[in-house]
Every structure is written in C-alpha cells, then in structure tokens.
Amino acid sequence: MTGPMTGFVEKPPHVDTRRMRHIPDADLLAAFGAPSIAALRDHLAGRDVAPAMDPLRWARRAGPQARAATLAQAEKLLGKPVDFLDPAHGRSGLYGFHYLHWAQPLTRAYALTGDERYLAEFAAIVDAWYASRDSVKGEWPGLDVVWYTLGVAGRAQVFMEALHVFGTAMPEASWARMLKTVLGGARWLAEEHTAFRHGNWQLAGCSVLAQIAAFLPEAAESAGWARLAHRRLLEHLELDVYADGGHYERAPSYHTMCLGALQFAAIAGEQRLGWDLVAHPRFAAMHDWLLSITSPGGWVPPFNDSHLVRSAELLLRGHYLLERPHYKDAAVRGLPAGRIAEVLSWLPPRPGRGDPVEEFERAPSAAAPERSAWLAHSKFAVQRAAEGGLFAVVNCGPLIEHELETHSHRTVLDFVLAAFGRPLAWEAGGPDSYDDPAYQSWYRAGRAHNTVLLPGREMADEHDARVEHVLMSPVADVLAATHDGLGVRHRRQVVLVKPDAGTPGYWVITDEVAEEFEWTLNGLSPWRETPGGYRSSSAPGLVVLSPSTPVKARFTEGATTVPTTAGAEAGTLHGLSLTYRPGTVTHVLVPYAAEPPELTVEPGPVEAGAVEPGTVVRSGRSTVTLGDGCLVRADGGAISSAVLWSGTRIEYGGREVLAAVTGELRSAVLTRADGRTSAELTCASRTGVRLAAEPGSVVRLNDVVLPLTTADGWAHVVLPAAGTWSVHIESVHIESVDIERNS
C-alpha cells in the first residue's frame, strides 16, 4: 500500500546514478576484479555456471513442438519497431513491457539455432531500452516504471539468460549494458529490501537476488546479496505463507508465482549458495496446499485476482526438489510425457543426483487421496466426491492489502463448482491486464461471483467470514459461516451430499439475510427456466431447484471470465440472478453428465426446536432431510446415514436417533448397513451419548467391547475425553433393523 507519509509505493527513490543507473566501465570492472570488459566477458562466458533455468540445456533437448513454437515467436519480433516510452502500452502494461520477458524468444531461438538474426535483434532491443529507460514516465503515482521490484527482478532474469546464451557472440557494448543492468539491479534490490514486507513483490525480488548471487559469484557483493535474500525468503516462509501452505494474498496465481520464485531460489541456493530452502516445512506446505485445492481436471479455481492456474508443472518441479510420490502422480496425470521432459530439461541435476528426467522416471508414484479439506488459515473449504468428480471450493477469507492495491475481490462465501470434468459454477477471476476498464466494475465486483448481493450495497473492505462449522465426511461435507460485509448479516451454509447407492450427489446451499437480496450464480452456458427451477443449456450442466419462489428472476450474458482450459480464449459468464424477500432460502444444485436426474425438492417438516423447517430432497427411494444442523438420508424409510454438525441430537420423523446427554458433542457421522451401525463422534470434552440400538447388541468404542446393556433400546456410551471416537453397534443376529422403529 502507498506509504501515508512518503507517498511512495515502495521506499523513497534510492537510485544511485554511479552505482546503479549509469555504472562506469571502470566501476563495473572493479566490482568483478577484472582487467577489461573483453576479459570479463571471456571469463563469464567460459564458466560452467548457468541461471537457475538453463536455456542451453533446454535447447539440447527441446522437442519439435517446443522448438517450432519458440522460433515462431522469435520470428514475429524480427524488425518489429519498439517504443519503450509509448503510453499506449497501458498504465499497468507499461511496467510489464519493461520487464522485457517478451524478448526472451529471441534468446531461446538463438540457443536452438545459433542464427545471428536473433542475436542482432536482441542486442538492438537492449541498446534501445538502455538509451530510453531514463525518460520513461509511468502513470502510477509514486512508482517508477524501471526502478521497482518486479521490473528490476524481471529484467535481471531476462539478461542473465541472455548473458549465458549469447556469451562472447554478443557485441561488447550491449553485453556490458546487460551486465551493468543486472549489477545495478542487484544493488537496488539489496537496498530496497532491508526489512520484511508482506506480498509477492519482495518475495519475487529476493528470489531473483539469490539467483543473481548464484549466477555472479565473482561479484564482490555477491555473498552479501545471498545472505540478505536468504534472510528475507525465510521470513516470507514464516510470515507470508499461512500454516496450511497458502500464500498471504489468497489468489492462486500469486500463490504459484511465489511458489515458482521459491523453487528457483531453492535451486540457486543448493547449486551455488550452500543453503537449503527446501528444508523449511512451509516450502512443502505450499505444494501440498496447491495439491489440495486442485480440481480433478488439474486447474485451481480463479479466486480473487487469479488467472487460470494449472498445478501440474509446479508440482513437477516440487517433485524434482522434494521427491514426493503424490507430486509425481499429479504431474503424470496433468502433463504429457513430452512436456514433463521439457520442464525438467531446464533444470540442472541436483547435487549427488543424475539427470532430472531419468531421476523422475525412476521415482515412485502414488495418487494423493481424493479427500476434502478445510484450509483453515488461508480460509478455503474444498469439498470432493470421487464419484462424478464432484468438486467445490468456498472462499471464506478477508481482503488482503498489497503494495499498490489489493488483489482481493469484493466478495466472500463465493464458490466454484465442478463435476464430470467441467466447471459448472465459475468466477470471473483476474483480467489479462489491470488496465481493463471492467476491472473494478466487473472482475472485482460481487456480480461476477457466486454470492449474495444487496441492492445499492458494495462489499466492505472488512468482510472476513466467521466460520461456524466445518465437517468433512464420507456422507456429506458441510461449511457454515457468516459475514457482515454487506452491512447486514449474511449466513451461508454449503452442504455437499455425496452420491450413495445409485443416488446422485448434489449441493444444498442455504442463505439467510434479513433484507431483500439477490442470489447470483454464474455458469459457462446460458441458463433456462424449467419446471421447479433452472438448468444449464449444455451438458455437463447444473440444475438449480428451490422450495422458495423468487420475487424476480433474470438472466445475464456477455460478461468476460478467465478461460477454463490452457490456451483457450477468455469465455463468457452467463448469470442467473434470483431476488428473494428477507429470510432464509435454500437452493439445491444438482450436477449432471448428460440429462438431469429425477429429483424433487420440498420444504421439510418442522422439527421440535428447529429454527427453520429444513429441506427434503427425494430421488427414487432415497430421501435426504436437511434440518437445523443435521442431515439424515433414508432409503425406503429406513435411515442409512446421518450427519450432525450443530446441536446435540439427530432426529428423524420426530424420533431421536442419536443424542448427547452430557458434555459437548461437536459432530457426528453415522452410517448403517446390514444390521451394523457405525458412528464417528467428535467431542470437546468428556461426553455421554446414546444411540439407537437393538437389545443385546454388541457395542464397541474404538474397537473395545463395552460392558453395556442395550435392553432399553439405547446404547449408552461415554466418550472419555476430547477427540474423535469410533462407535460400532452390531446386532447379535446381524439382521437389518429399522433405526427409526427402534428409536
């Protein structure tokens, strides 16, 4: 954020002309202890030192597709006029243009072919940029286009790659300008980042500072750069990475940007600097977070200012560094073999190891369990069901500050849903450029998300959700949370009812608002009205059902969203907007592969003590009743499973199934089949419970047979202390029993 006293986005300007901006040849030579520019160039070109990503190594192994794509990109740059001062690049785009990443295809094409046309064009770009850089003016107040962290770091990476590839073939003057830029930039980064600062800028900048130190160990200041970078990066792992592994800014694309920066700093550290970032537990946690939030299709939901993120390449490099079987499995499932070889071809053999491709092929692989997750510190709830690939992520977190402006969107308790290999409820994500005129009015606005809106209200900066209940179980996943960001309390409950015995899985989403509100849902195909609700116009799709009737329904079209597959164009979000009177409204969202299942939704009976009547969902013989803090699934009238996440008892048909009689029961998951009842019970202290049971049943607590009597139709069990306990009740005759009848 802009400093309140300095008016500058980063530190006040500290660009020393002689040490950074215009380094004399004599000072450059003194920095490296070299007698002449020619001697220094010969020395650096003759060493066996490469950047963290080595384009020469890649060029020796590049496949036909990568080779053709790189040469095509380079050809487009030949003879193309470049104006580094042109404000038409855009307010934000001008900064990115000066990173010079767009010129890298020339370096890589030269590495592939040795064609001097690419060398000459790159040298001309360097010379033109160097001559004009002092004249460029940006439109962001208090932020220099050239001398700011991401610009300095980005150019250093581009120029280190060019110094390595072009070597003595580069004209001496152009070569010296690149080296001076890297040297001056390292000095600037070291002076800019003398203290910890949250956010991706410092992390990325200090990663590059470490890479410069590793690439230029001959520089007298190199050891100091390495020490400072190491200190800052360790601080970021402690303070800028949540304990669950998520990045502080809560945008998946910035998470991957920072994780990539840490990966390359780790490579530089273990290759040349003698330090080990990989050993820090949050380095691995960042990879695990990414794996946890990745959909079955390999993408990560585009929450906040995020572009489309696919996790496989990051996890592939994670396997290179951490050798974890789950990461290998994710890489193999997400990438073709040729792409795996190409990604690894950029990387050097690790100390004491062989070729990275051969090491990868020999390594063991194991699929990560398809499990739901509550990422409690970064505040994302991930719900999964393996059958049908049902996948949801709910964003529960706050707005996070940033050096320039927040990357958070004005929404909370918004969600993304997917099933059958396709996103079904989607988000706008981040635009290609922050100069997009719709950035504030669409991408960040609540209407581009699956959320609740109030007429004339904008989400406040303080909109962090208070999470009341989280439960992940084989029967259902539950999240319940509230926030006051709209000026009135909004409570949302998201329940994934998992497929069971041929009945489909679906989400039950309940919203409670004390004012008239608009319920929004965005999909990738137009919505159409159907009896009892709405549905997608294409398959796989989503059916939206509710026992409540909206005051008004409307469909919106034409709003842009991030693409859903790599290489695709930005698509269109199609909105469903339903307006309701104040109160509680439930929607059942049913995914389908080809045709919607036969399913009905109706208000449930009013249970004693219930705040709301609940909801009943019927599918064939199966009935799911969602009450106040509990869910009961019945098949032909007999309970097959039940879940409790709030309250003290589970009731069905006015009869008790399970109840806490002393202590504090936090949650319960109960299943019944073939005359056996199993329950996972979580309590906050010593707790007594009773469960419906046949007289004479055998009762086990954590597999220990209890000397209990069940003659009164109840199993009385004492959970000895806080924790999660397993209770199993088995009829002596192993015969099917109707729990409802016995309760």
Side-chain angles (χ1 to χ4, degrees), residues 10 13-32 34 37 40-41 43-45 49 51-53 55 82 84-85 94-104 106-107 119 121-136 138 144-193 201 204-222 225 229 268:
E10 298 192 281
H14 54 91
V15 186
D16 185 291
T17 297
R18 189 176 181 95
R19 293 185 60 252
M20 300 175 190
R21 191 191 301 270
H22 295 289
I23 302 174
D25 286 357
D27 290 5
L28 177 67
L29 297 175
F32 288 90
I37 298 293
L40 180 57
R41 185 176 59 164
H43 169 71
L44 295 183
V49 177
M53 289 182 69
V82 179
F84 289 100
L85 309 181
L94 185 64
Y95 289 80
F97 191 72
H98 279 258
Y99 295 179
L100 302 182
H101 286 138
W102 53 267
Q104 283 182 304
L106 294 166
T107 307
L119 167 59
E121 189 69 38
F122 192 90
I125 289 171
V126 170
D127 295 343
W129 176 80
Y130 202 84
S132 63
R133 66 201 171 111
D134 292 347
S135 302
V136 64
D144 192 283
V145 172
V146 173
W147 296 97
Y148 97 105
T149 295
L150 295 186
V152 169
R155 278 187 305 278
Q157 288 180 302
V158 173
F159 284 175
M160 283 191 291
E161 184 174 291
L163 290 166
H164 179 60
V165 169
F166 294 126
T168 57
M170 173 70 81
E172 186 175 288
S174 304
W175 183 92
R177 290 176 184 125
M178 288 196 298
L179 186 59
K180 290 175 181 179
T181 300
V182 175
L183 175 63
R187 290 168 169 171
W188 187 92
L189 287 169
E191 292 187 12
E192 174 66 29
H193 296 292
W201 287 15
C206 289
S207 168
V208 173
L209 186 60
Q211 294 172 55
I212 296 171
F215 183 65
L216 297 174
E218 298 86 351
E221 299 154 78
S222 175
W225 300 336

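These values consider heavy atoms only, across backbone and side chains, with no hydrogens, waters or symmetry-generated copies.
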Looking at side-chain heavy atoms only, is the closest gap between [X] and [Y] below 4.5 Å?
{"X": "Leu44", "Y": "Trp175", "result": "yes"}
{"X": "Glu161", "Y": "Met53", "result": "no"}
{"X": "Phe166", "Y": "Thr107", "result": "yes"}

If you look at every heavy atom in [X] and [Y], which pair is closest and at what distance?
{"X": "Ser174", "Y": "Val126", "value": "O-CG1, 3.9 Å"}
{"X": "Ile125", "Y": "Ala103", "value": "CD1-CB, 4.2 Å"}
{"X": "Cys206", "Y": "Ala229", "value": "O-CB, 3.3 Å"}

Reference residue His22; test side chain to side chain donor-acceptor pair (under 3.5 Å); the match among Asp27, Thr17, Asp134: Asp134
Enter the distance from [X]:[atom1] to [Y]:[atom2] here, rounded to the nearest 0.5 Å.
{"X": "Lys180", "Y": "Asp25", "atom1": "NZ", "atom2": "CG", "answer": "3.5 Å"}
{"X": "Met178", "Y": "Tyr130", "atom1": "CE", "atom2": "OH", "answer": "12.0 Å"}
{"X": "Arg19", "Y": "Glu191", "atom1": "CZ", "atom2": "CD", "answer": "5.0 Å"}
{"X": "Leu189", "Y": "Thr149", "atom1": "CG", "atom2": "OG1", "answer": "6.0 Å"}
{"X": "His43", "Y": "Phe32", "atom1": "NE2", "atom2": "CZ", "answer": "9.0 Å"}
{"X": "Gln211", "Y": "Met160", "atom1": "CD", "atom2": "CE", "answer": "5.5 Å"}

Main chain of [Y], side chain of [X]: is a donor-acceptor contact present, judged purely on distance under 3.5 Å?
{"X": "Arg155", "Y": "Val146", "answer": "yes"}
{"X": "Arg41", "Y": "Met170", "answer": "yes"}
{"X": "Ser132", "Y": "Ala128", "answer": "yes"}

Phe97 and Phe84 aromatic ring geometry - parallel, tilted or perpendicular at 30°/60° bounds: tilted
Plane angle bin for Tyr148 and Trp201 - parallel if under 30°, tilted between 30 and 60°, otherwise perpendicular: perpendicular
Thr181 vs Trp129, side chain to side chain contact (heavy atoms under 4.5 Å, CB included): CA-CA, chis, key distance, verdict: CA-CA 11 Å; Thr181 300; Trp129 176 80; 3.7 Å; yes
